[in-house]
Structure formats: C-alpha cells, structure tokens
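What follows is a single structure, written as structure tokens, with notes after it.
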Amino acid sequence: MCANVFGALKSLFGKPFDGGKRMDHGSQQQQQHPAMIRLYEVQREVQSLGPQVCTFSGLKNEREYRRLERELTRLLLEVDQVDTEGRADLQGARKRAAQEVEGLLRYLEENATHPSRLAIEELSREAQGLVEQGVVEPQRAGGTAEISDELVDAVQELILRLTQVKTGGRVPLRKARYRALTRLCAVQDVIEGRTRQQTLPLSEDTHVAVQRINQVMMQVSGARSQLVALLMGLSGRDSCAHLSRVLTELLVELDALDVSGNAAVRNYRKQVVEEINGLLKHLDLEGEGDDTRRYDLAQNDSIRQIEAVRGRVGQLRGEVLRHCGVGDLFRPKPELQSLLTHLDQVDTARNPCIREARRRAVLEVQAVITFLDLREALICRQPGSNEPPQHRAVWMVLGSLSDLQAQVLCFNGKRADKSYILLEELLTKQLLALDAVDPQGDEMTKVARKQAVKFAQNILSYLDMKTDEWEY
C-alpha cells in the first residue's frame with residue numbers, strides 16, 4: 001500500500017516545481033499557476049506524512065493516531081479548497097491529490113482497527129493482567145513476588161499466541177506484533193531468571209562490605225518488579241531511563257567496594273553485578289521496533305539459515321518417504337542430527353519471531369527422525385511366542401501410527417481439507433485403541449503404551465503445526 005501511494009504521488013506530480021529550469025511558455029504558465037503550486041506544497045506534506053502513516057502501529061485512541069488523522073484531514077480540506085478555475089488539467093490534479101490523501105487516511109484507519117491489531121492488543125492486556133497480579137501487586141503491597149510455574153507457563157502460552165497472529169505482510173501489524181513480543185519475552189526472561197537463580201545474602205559478619213551488598217540486593221529485587229511493570233506499561237511515573245540510571249549507580253557503588261582478600265564476598269558481589277546487568281539489557285526497548293529490519297524478516301540472515309535447513313529437511317523427507325513406498329529404509333539420520341546442531345547455533349538476536357521459526361524447524365527435523373526410529377524398530381522387531389497379547393496390541397497400534405505419520409509428513413493442505421479431518425480422526429482412533437489396552441500389570445506393556453500415546457500426541461501436534469498458517 002505505502003509503495004503504491006508514493007508511486008502514485010510521483011506519477012501525479014512528477015518532479016517538484018523548479019522555477020530555475022527552462023521551459024516553454026505554456027508549461028511555465030501551468031507550473032506557476034497558484035493552484036498547481038499549492039498542490040505541490042500538499043505533495044511535499046503528504047510525502048512527509050506518508051512514512052509516518054505507513055509505519056504507525058498503534059490504535060485509534062493514541063495521540064499519534066489523532067495527530068496523523070488531523071494532519072491528513074487538514075490536507076484533504078486544503079486540496080478541496082484549491083480553486084481550479086474550471087480547468088480540466090487542474091481539476092484532474094486536484095482529484096488525484098485528494099485520492100492519495102484519502103488513501104493514506106484509509107490505510108491509517110485500517111491498520112489501527114484491523115482484527116489482527118485488536119488481537120495483539122487483547123493479548124497484551126491479558127499479559128498485563130497476569131503480570132500485575134503475579135508480580136507487580138505483591139511488590140506494591142510491600143511483599144516479595146513469588147514466581148509460580150503457572151505464571152511462567154501462562155506467559156509462554158501468550159508468547160506463542162502472539163507469534164501466531166497473522167499480519168498479512170502489513171508493516172504496521174508486524175511492528176505492533178514485534179513490539180508486544182519483545183516486551184513479553186523480556187518479562188519472561190526476567191521472571192524465569194529469577195526462578196533459575198536466587199542469589200542468597202551472606203551473613204554481615206563475613207565482611208564489612210556484605211551489609212551494603214545485601215542492601216543493594218534488596219534494591220535489585222525492587223528494581224526487578226519495577227522493570228516488569230515498565231515493560232508491560234504498568235508504571236505511569238517511572239521510565240526506563242530513570243531505572244537504568246539507578247541500576248548503573250548501584251553498579252558503580254558495588255565496583256567501589258573493597259572486597260579484596262575474600263573470595264566468597266567477591267563471588268557474591270559478582271553474582272549481584274550479573275543480576276543488575278541482566279536487568280539493564282532489557283532497558284533498551286524504548287525505541288525497539290523502530291528499525292524495520294527487526295520485524296521485517298524476509299532478508300534476515302538467521303531466517304535465511306532456518307529456511308535453508310527447512311529446504312534440506314524437505315528434500316530428505318521426500319527421499320525417506322519415497323524409499324518407504326518401495327519397502328526400503330533410507331537412513332539420513334547423521335545429516336538430520338547435523339541439521340539440528342546447525343539450528344541450535346542460529347542466532348535469534350532475542351527476536352521472538354526468529355526463535356519461533358527455529359523451534360518449528362527443529363520440530364520438522366525431529367518428526368523425520370522419530371519416523372525413522374519407529375520404522376527401524378518395526379523392521380527389527382522379532383516378537384517371541386510368549387509375547388503378551390496386550391503388548392502385541394500396542395505394537396499393532398504403533399504400526400498403524402507409523403503409516404499415519406508418513407501421511408502427515410507429506411500432508412500440505414489446510415485444516416478445512418477432508419484429508420486433514422480424516423487424518424485427525426484416524427490418529428484419535430489410535431489413541432482410543434491405546435486407551436483400551438489393559439496392561440494387566442505387565443510393566444513392559446505399561447511403558448510401551450505410554451510411549452505410544454506420547455508418539456500419537458506428537459503426530460497430532462505436528463499435524464496441527466503444519467496447518468496453523470504461521471508467518472514470520
């Protein structure tokens with residue numbers, strides 16, 4: 001849309017008016033006509049506002065939206081007031097100018113009210129509610145926030161739901177999704193970091209500097225909750241810059257403490273410094289998302305690496321399925337393992353969309369590996385004459401699941417397709433068949449049934465992932 005707008009403006013007005021260039025008398029008369037001069041002035045203002053409109057990622061109730069709407073409406077009124085004196089050429093130019101301004105107004109409103117933009121806002125509010133209840137309110141009440149596994153899992157689920165919001169390639173929607181994701185991922189990193197490591201204070205009798213380090217630790221604990229509130233827009237008074245200054249001052253103070261000669265205290269101070277640095281790295285999000293390279297990932301090097309791996313996995317998957325179709329077993333597991341290693345080394349640059357793209361690529365590789373493992377196990381299986389019937393029943397289900405997984409691996413349709421519905425039904429039937437198996441106290445059967453259930457669920461999840469129409 002934005003490219004179309006600027007292209008139309010160029011074709012509408014041509015090069016800006018330049019009184020210093022030579023031209024014939026008729027052309028000079030047209031160029032210097034007051035109406036055309038005014039339309040050129042509108043052109044310059046539209047060209048200035050265009051990039052702002054095309055990257056605005058907010059909602060209609062925001063101040064920036066109202067400013068852009070006000071400026072465009074003013075330009076539209078000024079274009080309407082241009083006196084063309086009945087001349088057809090000036091009337092045509094005025095009409096086209098009005099169409100371009102109206103196009104920007106429509107684009108601005110469409111993005112601010114787009115269902116995907118509203119979905120991003122709804123998920124952001126849901127995240128705010130979770131964080132406020134689980135982290136901010138306990139801190140405000142004078143207590144210490146206890147980070148529960150439920151809160152960590154809920155934040156992770158919201159991140160996944162945000163990555164699945166469709167943007168249709170619109171820059172404002174990509175920008176809004178990226179900004180929401182970066183903040184929520186930063187919150188996730190802060191709260192998960194708190195659950196992973198708890199720096200315990202030393203006894204003040206250990207060293208004269210311990211008392212001050214313990215006091216800094218208390219301030220860091222409060223700063224952590226303050227940071228989470230800032231990231232989620234729950235702190236109206238503070239700013240990232242202010243918190244950054246506070247934490248930096250604490251680093252300077254810690255650095256000035258004399259802890260020489262005591263390894264335990266020196267290590268304690270080091271842990272506190274690492275915690276502060278861990279918080280500081282999330283305080284650069286004020287302008288995050290202004291750089292289009294962060295959320296327009298078509299040319300991103302990490303995405304290119306992931307796509308190259310996915311392309312190779314697709315080739316190997318095709319070869320595996322082709323050999324299975326003729327009763328042979330193609331075993332490219334070493335190369336698949338090397339692809340997993342390569343994906344693990346891809347730099348996500350703290351970008352949640354790249355992180356999700358890598359996660360999905362890993363699942364694609366693992367799906368082929370598990371398919372090969374089961375096929376090989378089925379080929380090598382040599383049941384004894386005294387094998388329990390219930391154990392044999394589990395293996396029969398695994399054989400059916402292997403055939404179904406082959407169909408899932410080559411499935412490229414949508415959820416509304418009949419083949420998708422059929423695959424989902426058949427996989428569900430295999431789960432029911434496993435549920436009906438009675439181990440009768442046989443431990444081997446219990447383990448085999450549990451593994452088969454997990455295998456079937458993984459195939460269902462993979463089928464669901466293949467059809468969720470996720471985008472970068």
Original post:
Do Gln128 and Arg125 have a side chain donor and acceptor closer than 3.5 Å?
Top reply: no

**OP:** Just jot down the salt bridge (Lys or Arg N to Asp or Glu O under 4.0 Å) partners of Arg317, sequence neighbours excluded, or say none.
**Re:** Glu364

Original post:
How far apart are the closest heavy atoms of Arg117 and Ser57, and which atoms are they?
Top reply: NE-O, 2.6 Å

Subject >> Value rounded to 0.5 Å, distance of CD in Glu71 from OG1 in Thr73 >> reply: 9.5 Å

**OP:** Please report the C-alpha distance between Asp464 and Arg415 in whole Å, then the side-chain angles of each, then the deciding distance to 0.1 Å, and finally whether the salt bridge (charged side-chain N to carboxylate O under 4.0 Å, His left out) criterion is met.
**Re:** CA-CA 8 Å; Asp464 185 65; Arg415 292 183 185 179; 2.8 Å; yes

**OP:** Look only at the side chain of Glu62 and the backbone of Leu59, and say whether a donor-acceptor pair between them is shorter than 3.5 Å.
**Re:** yes

Subject >> CZ on Arg70 to CG on Leu75, rounded to 0.5 Å >> reply: 12.0 Å

Original post:
Counting only N and O atoms by type, is there a donor-acceptor contact under 3.5 Å from the side chain of Lys60 to the main-chain atoms of Thr113?
Top reply: no

Subject >> Test item: Arg96 and Glu100 side chains (from C-beta on) under 4.5 Å apart, heavy atoms >> reply: no

Subject >> Any donor-acceptor N/O pair, Thr341 side chain to Gln337 backbone, under 3.5 Å >> reply: yes

Subject >> Pairwise distance CG(Leu231) to CG(Leu184) - rounded to 0.5 angstrom >> reply: 9.5 Å

**OP:** Apply the test salt bridge (charged side-chain N to carboxylate O under 4.0 Å, His left out) to residues Glu319 and Arg322: give CA-CA distance (whole Å), side-chain angles for both, the deciding distance (0.1 Å), then the verdict.
**Re:** CA-CA 5 Å; Glu319 284 294 304; Arg322 186 176 64 81; 3.0 Å; yes

Original post:
Can you find a heavy atom in the side chain of Leu251 that is under 4.5 Å from one in the side chain of Asn277?
Top reply: yes

**OP:** Return the minimal non-hydrogen interatomic distance between Arg269 and Leu254, and the atom names on each side.
**Re:** NH1-O, 2.9 Å

Original post:
Which residues pass the side-chain hydrogen bond (donor to acceptor under 3.5 Å, both in side chains) test with Asp403, sequence neighbours left out?
Top reply: Arg375

Original post:
Taking atom CZ of Arg44 and atom OH of Tyr40, what is their separation to the nearest 0.5 Å?
Top reply: 10.0 Å

**OP:** Kindly write out the residues that satisfy salt bridge (Lys or Arg N to Asp or Glu O under 4.0 Å) with Glu102, not counting sequence neighbours, or none if the list is empty.
**Re:** none

Original post:
To the nearest 0.5 Å, what is the distance between CZ (Arg177) and OG1 (Thr167)?
Top reply: 5.0 Å

**OP:** For residues Gln457 and Leu431, determine if any side-chain heavy atom of one lies less than 4.5 Å from a side-chain heavy atom of the other.
**Re:** yes

**OP:** Not counting sequence neighbours, which residues clear side chain to side chain contact (heavy atoms under 4.5 Å, CB included) with Gln305? List them please.
**Re:** His342, Val346

**OP:** Verify, without hydrogens or angle tests, whether Asp83 (side chain) and Glu85 (backbone) share a donor-acceptor contact under 3.5 angstrom.
**Re:** yes

Subject >> Close side-chain approach of Lys175 and Phe56, heavy atoms under 4.5 Å >> reply: no

Original post:
Counting only heavy atoms not in Glu64, do more than 12 sit closer than 6.0 Å to its CD atom?
Top reply: yes

**OP:** Not counting sequence neighbours, which residues clear salt bridge (Lys or Arg N to Asp or Glu O under 4.0 Å) with Glu132? List them please.
**Re:** Arg140

Original post:
Out of curiosity, Leu77 CG to Leu72 CG, how far, rounded to the nearest 0.5 Å?
Top reply: 11.0 Å

Original post:
Are Val82 and Val42 close enough that some pair of their side-chain heavy atoms sits under 4.5 Å apart?
Top reply: no

Original post:
For Arg312 and Gln315, does a side-chain donor sit closer than 3.5 Å to a side-chain acceptor?
Top reply: yes

Original post:
What pairs with Ala154 under side chain to side chain contact (heavy atoms under 4.5 Å, CB included), at least two apart in sequence or on another chain?
Top reply: Leu130

**OP:** Determine the minimum heavy-atom distance between Ala97 and Val79, stating which atoms define it.
**Re:** CB-CG1, 4.2 Å

**OP:** Could you list the residues that satisfy side chain to side chain contact (heavy atoms under 4.5 Å, CB included) with Arg359, not counting sequence neighbours?
**Re:** Leu160, Glu356, Leu363

Original post:
Within the distance-only criterion (no hydrogens, no angle test), does the side chain of Arg212 pair as donor or acceptor with the backbone N or O of Leu257 below 3.5 angstrom?
Top reply: no

Subject >> Under the salt bridge (Lys or Arg N to Asp or Glu O under 4.0 Å) test, residues paired with Glu249 that sit two or more places apart >> reply: none

Original post:
For the residue pair Tyr107 and Val171, what are the closest heavy atoms and their distance?
Top reply: OH-N, 4.5 Å

**OP:** Determine yes or no for a side-chain-to-main-chain donor-acceptor pair under 3.5 angstrom, with Thr467 supplying the side chain and Lys414 the backbone.
**Re:** no

Subject >> Residue pair Pro115 / Lys166, side-chain heavy-atom distance below 4.5 Å >> reply: no

Original post:
Which heavy atom of Ile306 sits nearest a heavy atom of Ala357, and at what distance?
Top reply: CG2-O, 3.8 Å

Original post:
Is the backbone of Glu335 close enough, under 3.5 Å, to the side chain of Ser338 for a donor and an acceptor to pair up by distance?
Top reply: yes

Original post:
Which atoms form the tightest heavy-atom contact between Asp344 and Arg358, and what is the distance?
Top reply: O-NH1, 3.6 Å

Subject >> With Asp373 via side-chain hydrogen bond (donor to acceptor under 3.5 Å, both in side chains) - residues at least two apart >> reply: Lys333

**OP:** Look at the side chain of Lys466 and the backbone N and O of Leu409, then say whether any donor-acceptor pair between them is shorter than 3.5 Å.
**Re:** yes

**OP:** Run the numbers on Leu118 and Glu121 for side-chain contact (heavy atoms from CB on, under 4.5 Å), then give the verdict.
**Re:** CA-CA 5 Å; Leu118 300 179; Glu121 184 66 16; 5.5 Å; no

**OP:** Please name all residues satisfying side-chain hydrogen bond (donor to acceptor under 3.5 Å, both in side chains) with Glu122, sequence neighbours left out, ordered by chain then number.
**Re:** none

**OP:** Could you pull out all residues at least two apart from Gln52 that satisfy side-chain hydrogen bond (donor to acceptor under 3.5 Å, both in side chains)?
**Re:** Arg67

Original post:
What's the verdict on side-chain contact (heavy atoms from CB on, under 4.5 Å) for Glu45 and Arg74, showing C-alpha distance, side-chain angles and the deciding distance?
Top reply: CA-CA 11 Å; Glu45 292 192 63; Arg74 175 182 62 80; 2.6 Å; yes

**OP:** Evaluate the side-chain contact (heavy atoms from CB on, under 4.5 Å) criterion for residues Tyr462 and Met465: first the C-alpha distance (whole Å), next the side-chain angles of each, then the deciding distance (0.1 Å), finally the verdict.
**Re:** CA-CA 5 Å; Tyr462 179 68; Met465 186 195 78; 3.9 Å; yes

Original post:
Are Asn111 and Arg170 linked by a side-chain donor-acceptor pair shorter than 3.5 Å?
Top reply: yes

**OP:** Assess whether side-chain contact (heavy atoms from CB on, under 4.5 Å) is satisfied between Gln405 and Thr370, documenting all intermediate values.
**Re:** CA-CA 10 Å; Gln405 190 182 21; Thr370 56; 3.4 Å; yes

Subject >> 4.5 Å side-chain heavy-atom contact, Leu372 and Val320 >> reply: yes

**OP:** Would you check if Lys418 and Leu422 make a side-chain contact, meaning some heavy-atom pair closer than 4.5 Å?
**Re:** no

Original post:
Partners of Leu247 by side chain to side chain contact (heavy atoms under 4.5 Å, CB included), sequence neighbours excluded?
Top reply: Ala223, Leu243, Leu250, Ile276, Leu279, Leu280, Leu283

